[in-house]
2 protein chains.
Amino acid sequence: MSTLDALDTKLLLALIEDPRAQIADLAERLGVARNTVQSRFRRLQRAEILRGGGREVDLEALGYDVVAFMTLEVVHRELDAVIAGLRRIPSILEAHEISGRGDIWCRLAATDTHGLQSALRSVLRIRGVIRSETVLALHTHIGYRADQLLRRSLDAVGGARSEGEPKAPEEGQ
Amino acid sequence: MSTLDALDTKLLLALIEDPRAQIADLAERLGVARNTVQSRFRRLQRAEILRGGGREVDLEALGYDVVAFMTLEVVHRELDAVIAGLRRIPSILEAHEISGRGDIWCRLAATDTHGLQSALRSVLRIRGVIRSETVLALHTHIGYRADQLLRRSLDAVGGARSEGEPKAPEEGQ
DNA sequence: AACTCTTCTGAGCATAACGCTCAATTGAGC
DNA sequence: GCTCAATTGAGCGTTATGCTCAGAAGAGTT
């Protein structure tokens, strides 16, 4: 289980909303001394729960060890209602409409397999959901990144590169 | 096409690396006046290319209009090599090992369908890749979010809630 | 009840960053 | 050569930062 208390969690929430928020503002918003936020923030950073400095939160540190991907087949004219239903389930981390087999693709997180089962039940209870197919994410080999894309854009536009930076590969578009 | 020049792109890259980086540091790193970074930063923020203040970059603003999901079946003993190959393709935004049908799940982005085709060809050229299945992401209904999860953790631990904040729903685990 | 240990608090301090303005310079396009 | 937008460097007052320190508050223990 995570070692985060309510204050840590609130701090993370505030930082997700605005990663560049100032320490003093955060302190005021959380109704706590500036010093406290400063030390909490430092701790979260050092523990790498706050990755990159506020961009993303380490879900495992929060105790969400199970991540799964799910495709959903839905009654098309109920699509909006299904989306609204998904939105109400905290375990749903994202949801996209897709082409091909299945109509919606989702990512979900849970503390354990029981939590996952519970989340899946919630999903299947949504009116308009016909069928679901779920796979477990066993390991993240490449975490979300957009920097490679940016680096390639940089090459395309001919931006000078600072020393030491690796050149982005050219494969694929 | 995007209206971002090399400096904008470099600024975004630096902010992805460290969303809380100081303006002055960024200016020094990019070898440009502090004032310049300040105005560029403000512009990126206002144009909402920098979402949330540094958390994520708007891919569409960069000209990447096509997003797709791909499952890959691979020769298991070549898994590491496949991952390494994927890592070298900028279009691959993330990659996870999964259970069930297909062995790897990826998200990829491209400027258009030609770019997507090119990326897919790059993937299929990787030694160890047996078969791929790709679906287009037509629309993002729920973008990546972790705040709901955090809010539920807050409720679980009994954190007091500031005024006006909506209570996180209770459905699912 | 006293004790310890940790955390939070509030204050203070020197340094640095911030947001802003302004005049001068640069560079591209006409 | 001209215009226009962007960049630069300097300067300004205000604010945030990182730091220290002593005291208060709580939880858990003896």
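Sequence lines set the chain letters: A, B, ... in the order given, protein chains first and strands last, and positions in each chain run from 1. Because only heavy atoms are used, hydrogens play no part in the values below, and waters and symmetry mates are left out as well, while side chains stay in.
- Nucleotide D/dA16 holds its P atom 12 Å from the CG atom of A/L26, rounded to whole Å.
- In this structure, A/R46 fails the cation-pi test against A/F41, since its NZ or CZ atom is not both closer than 6.0 Å to the six-membered ring centre and inside 45 degrees of the ring normal.
- Taking atom CZ of residue A/R43 and atom P of nucleotide C/dT7, one finds them 6 Å apart after rounding to whole Å.
- Only one option out of A/D65, A/L93, A/T111 pairs with A/L59 in a side-chain contact (heavy atoms from CB on, under 4.5 Å); it is A/L93.
- No option in B/E97, B/H96, B/E94 other than B/H96 meets the side-chain hydrogen bond (donor to acceptor under 3.5 Å, both in side chains) test with A/T140.
- Considering only the side chain of A/R40, C/dT7 comes nearest among C/dT7, C/dA17, D/dA16.
- Regarding A/D25, its CG atom lies at a distance of 18 Å from the P atom of C/dA17, rounded to whole Å.
- In this entry the distance linking CG of B/D5 with P of D/dA5 reads 17 Å, nearest Å.
- Atom CG in A/L11 sits about 15 Å away from atom C1' in C/dC8, given to the nearest Å.
- Taking for each of A/Q22 and A/R42 the nucleotide of DNA chain D with the nearest heavy atom, the 5'-most of the two is the partner of A/Q22.
- Ring geometry for B/W105 against A/F69 counts as tilted: the plane angle lies between 30° and 60°, on a 0 to 90° scale.
- Checking A/E78 against A/H76 by side-chain atom types alone, no donor-acceptor pair falls below 3.5 Å.
- To the nearest angstrom, C1' of C/dT7 lies 15 Å from CG of A/L44.
- Partner of A/I104 under the side-chain contact (heavy atoms from CB on, under 4.5 Å) criterion, out of A/I98, A/T71, A/L86, A/V129: A/L86 alone.
- Atoms CD1 (A/I23) and C1' (C/dC18) sit 15 Å apart, rounded to a whole Å.
- Per the geometry, CZ belonging to B/R46 stands 12 Å off P belonging to C/dG19, to the nearest Å.
- Using a 4.0 Å cutoff on non-hydrogen atoms, the parts of residues 31-39 of chain B near DNA chain C are B/R34, B/N35, B/Q38, ordered by number.
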